[in-house]
Undergrad: 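Let me begin by handing over the structure; questions about it come next.
The chains referred to below are lettered A, B, ... by the order of the sequence lines, with proteins before strands, and numbering in each begins at 1.
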Number of protein chains: 2
Amino acid sequence: MSDKGVAAVERALAILDCFESDQESLPLKTIAQKTGLYKSTILRLCVSLESYGYLRRREDGDFQLGPTLWRLGALYRNRFDVATHIRPVLKRLSEATGESASFYVRDGDARICLMRHNSSQAIRHHLEEGVRLPLNLGAAGHLIQAYSDASDPKTQEIKANSYAISLGERDPNTASIAVPVLGRGDAFMGALVVSGLRTRFDEEARQKAITLALEEARRLSQDIYG
Amino acid sequence: MSDKGVAAVERALAILDCFESDQESLPLKTIAQKTGLYKSTILRLCVSLESYGYLRRREDGDFQLGPTLWRLGALYRNRFDVATHIRPVLKRLSEATGESASFYVRDGDARICLMRHNSSQAIRHHLEEGVRLPLNLGAAGHLIQAYSDASDPKTQEIKANSYAISLGERDPNTASIAVPVLGRGDAFMGALVVSGLRTRFDEEARQKAITLALEEARRLSQDIYG
DNA sequence: TTTTATTGTTCTGTCTGACAGAACATCGTT
DNA sequence: AACGATGTTCTGTCAGACAGAACAATAAAA
């Protein structure tokens with residue numbers, strides 16, 4: 001199951017991965033179906049997850065995510081200085097371009113939308129924070145992939161340009177641009193993205209968004225990461 | 001190491017527990033010191049934690065918490081309907097009493113402050129969200145313990161009263177009161193707490209705070225948990 | 001109410017995965 | 001250049017973890 005990791009740990013984390021929406025609790029049977037693990041195996045793994053606060057067992061037996069995830073998630077999130085830096089940037093980008101603005105990071109073999117400022121226009125590219133999307137589709141996915149994997153065929157071009165564009169890849173009516181936010185020592189921290197209705201977010205608008213996003217990304221790098 | 005759980009899983013979670021503040025990265029040596037694990041053991045466990053996004057390895061080798069924790073932490077947090085329910089309650093309690101108001105849940109053998117509205121007064125009981133505190137000190141700790149462990153000597157009294165009080169237990173100048181928020185089927189969900197300067201938060205003020213907090217808790221139970 | 005089906009809990013033999021700890025490699029300091 | 005500190009790789013041993021059966025409790029159907 002594991003290649004150079006520890007199989008039992010990966011089983012335990014696969015259990016946590018079963019939880020997908022808030023307000024959710026899951027019975028043992030559902031976890032067994034989703035993970036393919038035996039119930040006795042799950043129960044034993046859950047003893048450890050509960051003891052560290054990652055899961056909680058309800059009185060009716062259903063499992064729920066536990067408070068440790070909130071605490072560690074808060075630690076992680078604070079590293080990006082959410083309240084003081086990135087969110088205002090997303091607001092400015094959204095207002096300046098009229099489209100939605102987001103910040104994505106890699107999450108295993110997917111990307112996750114950490115923060116979002118949706119456009120105020122009635123017709124807009126709307127997504128919720130926390131959503132996970134594939135790496136092989138969308139400007140943010142290509143950019144993240146390019147900065148993670150030097151052997152990716154698009155890496156050289158994307159790094160040379162310092163942006164990625166996608167037209168209708170995930171949704172036929174959507175266009176998006178993504179620029180990198182770099183930290184200390186040019187470490188890739190995440191993707192700053194503007195996305196909108198393809199007919200409105202045309203080439204001229206995209207070029208303007210790229211320019212604005214690159215400027216905001218440069219300022220973020222200086223302000224947050226030195 | 002483990003009693004009925006899985007030792008490898010608990011080792012992995014012990015690694016995650018090493019991270020205590022935001023902006024933090026930890027070198028291998030520090031994790032080995034904090035956990036008492038061998039470096040080779042840590043490295044193997046970290047392969048699994050990285051592959052699921054719980055950790056990230058920086059180019060200089062240091063470890064950081066990864067985006068999965070944010071995602072799962074957001075799922076957990078949303079279960080409490082933060083934005084729509086509990087936070088306004090804390091604001092009202094704080095404004096009505098003039099003291100700080102918080103919401104605590106159990107986190108293993110500690111309690112964690114999930115949400116907080118600090119008093120606007122210059123002299124106030126100030127804490128940050130996310131802080132972990134012991135169960136054996138403070139009104140919230142006693143209340144949580146009473147609702148978790150029927151054999152606790154204080155359980156009967158606290159449940160009969162529907163509140164706990166502490167005077168100078170954790171900090172000699174602080175007084176606090178805690179009332180339970182119950183969910184479906186009277187399941188204990190967390191502690192609603194008001195805390196402040198002991199000389200100002202006197203018996204009359206505490207009694208008033210208890211009354212207000214019980215009313216808010218009852219309303220929360222109806223609104224959120226049916 | 002009884003019977004059947006479903007879901008959760010407990011147990012244990014087997015074997016292989018994980019660990020301890022040494023050896024080695026790399027980097028930083030003197 | 002030498003030494004110390006930190007990170008990486010390797011492997012023999014055995015005890016822990018799993019698979020899966022049996023049992024218990026609960027829910028649904030007859």
Undergrad: Please tabulate the protein-to-nucleotide N/O contacts below 3.5 Å involving nucleotides 5-7 of chain D, giving atom names and distances.
TA:
residue, atom, partner, partner atom, Å
D:dT6, OP2, B:K29, NZ, 2.8
D:dG7, OP1, B:L28, N, 3.3
D:dG7, OP2, B:K29, N, 2.7
D:dG7, N7, B:K39, NZ, 3.0

Undergrad: May I ask you to verify if any side-chain N or O of B:S40 is less than 4.0 angstrom from the OP1 or OP2 atom of D:dT9?
TA: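 B:S40 to D:dT9 OP1/OP2: no side-chain N or O under 4.0 Å.
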Undergrad: How many whole angstroms separate atom CD1 of B:I42 from atom P of C:dC19?
TA: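 It works out to 11 Å between those atoms.
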Undergrad: How many Å lie between CZ on B:R44 and P on D:dT9, as a whole number?
TA: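 The answer, rounded to whole Å, is 13 Å.
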Undergrad: Which residues pass the side chain to side chain contact (heavy atoms under 4.5 Å, CB included) test with B:R57, not counting sequence neighbours?
TA: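 Residues passing side chain to side chain contact (heavy atoms under 4.5 Å, CB included) with B:R57: B:L43, B:E50, B:F63.
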Undergrad: When the distance from NZ of A:K4 to C1' of D:dC10 is rounded to whole Å, what number comes out?
TA: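 Atom-to-atom, A:K4 to D:dC10, this comes out as 11 Å.
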Undergrad: The criterion is side-chain hydrogen bond (donor to acceptor under 3.5 Å, both in side chains); which residues satisfy it with A:E215, sequence neighbours excluded?
TA: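 A:E215 satisfies side-chain hydrogen bond (donor to acceptor under 3.5 Å, both in side chains) with A:R218 once adjacent residues are dropped.
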Undergrad: With a cut-off of 3.5 Å and sequence neighbours excluded, list every side-chain donor-acceptor pair involving residues 33-42 of chain B.
TA:
residue, atom, partner, partner atom, Å
B:K34, NZ, B:C18, O, 3.2
B:T35, OG1, B:I31, O, 2.7
B:T35, OG1, B:L37, N, 3.2

Undergrad: Side chain of A:Y38 only, heavy atoms from C-beta on: which candidate in C:dA20, C:dA18, D:dG20 is closest?
TA: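 When the side chain of A:Y38 is considered, D:dG20 is the closest of C:dA20, C:dA18, D:dG20.
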Undergrad: Looking at A:K154 and A:E157, is any side-chain nitrogen of the basic one under 4.0 Å from a carboxylate oxygen of the acidic one?
TA: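 No, A:E157 and A:K154 are not salt-bridged.
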Undergrad: Once side chain to side chain contact (heavy atoms under 4.5 Å, CB included) is applied, do any residues pair with B:Q156, and if so which ones, sequence neighbours excluded?
TA: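 With sequence neighbours excluded, B:Q156 shows a side chain to side chain contact (heavy atoms under 4.5 Å, CB included) to no residue whatsoever.
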Undergrad: Under the side-chain hydrogen bond (donor to acceptor under 3.5 Å, both in side chains) rule, collect the residues that match up with B:D171, sequence neighbours excluded.
TA: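 Expected list: B:T174.
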Undergrad: Could you tell me the separation between the CG atom of B:L37 and the C1' atom of C:dA18, rounded to a whole number of Å?
TA: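 Going from B:L37 (CG) to C:dA18 (C1'), I get 12 Å.
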Undergrad: Measure the distance from CZ on B:R11 to C1' on C:dG17 and round it to the nearest whole Å.
TA: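 Spelled out: CZ on B:R11 to C1' on C:dG17 is 12 Å.
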Undergrad: Applying salt bridge (charged side-chain N to carboxylate O under 4.0 Å, His left out), which residue pairs with at least one partner in residues 130-142 of chain B are found, sequence neighbours left out?
TA: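 Of all non-adjacent pairs touching residues 130-142 of chain B, those that pass salt bridge (charged side-chain N to carboxylate O under 4.0 Å, His left out) are B:D107-B:R132.
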Undergrad: Once you build an axis from the first five pairs and another from the last five of the helix from C:dT1-D:dA30 to C:dT30-D:dA1, how far apart in angle are they, to 10 degrees?
TA: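 Rounded to the nearest 10 degrees, the bend comes out at 50°.
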Undergrad: Within the distance-only criterion (no hydrogens, no angle test), does the side chain of B:S48 pair as donor or acceptor with the backbone N or O of A:V6 below 3.5 angstrom?
TA: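 The answer is yes, because a donor-acceptor pair under 3.5 Å joins these two groups.
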Undergrad: In terms of side-chain heavy atoms of A:L45, which of D:dC18, D:dA19, C:dA20 is nearest?
TA: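 Taking heavy atoms from C-beta onward, the closest nucleotide is D:dC18.
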Undergrad: Of all residues at least two apart in sequence or in a different chain, which pass the side chain to side chain contact (heavy atoms under 4.5 Å, CB included) check with B:L137?
TA: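 With sequence neighbours excluded, B:L137 shows a side chain to side chain contact (heavy atoms under 4.5 Å, CB included) to B:P134, B:E169, B:R170, given in chain and number order.
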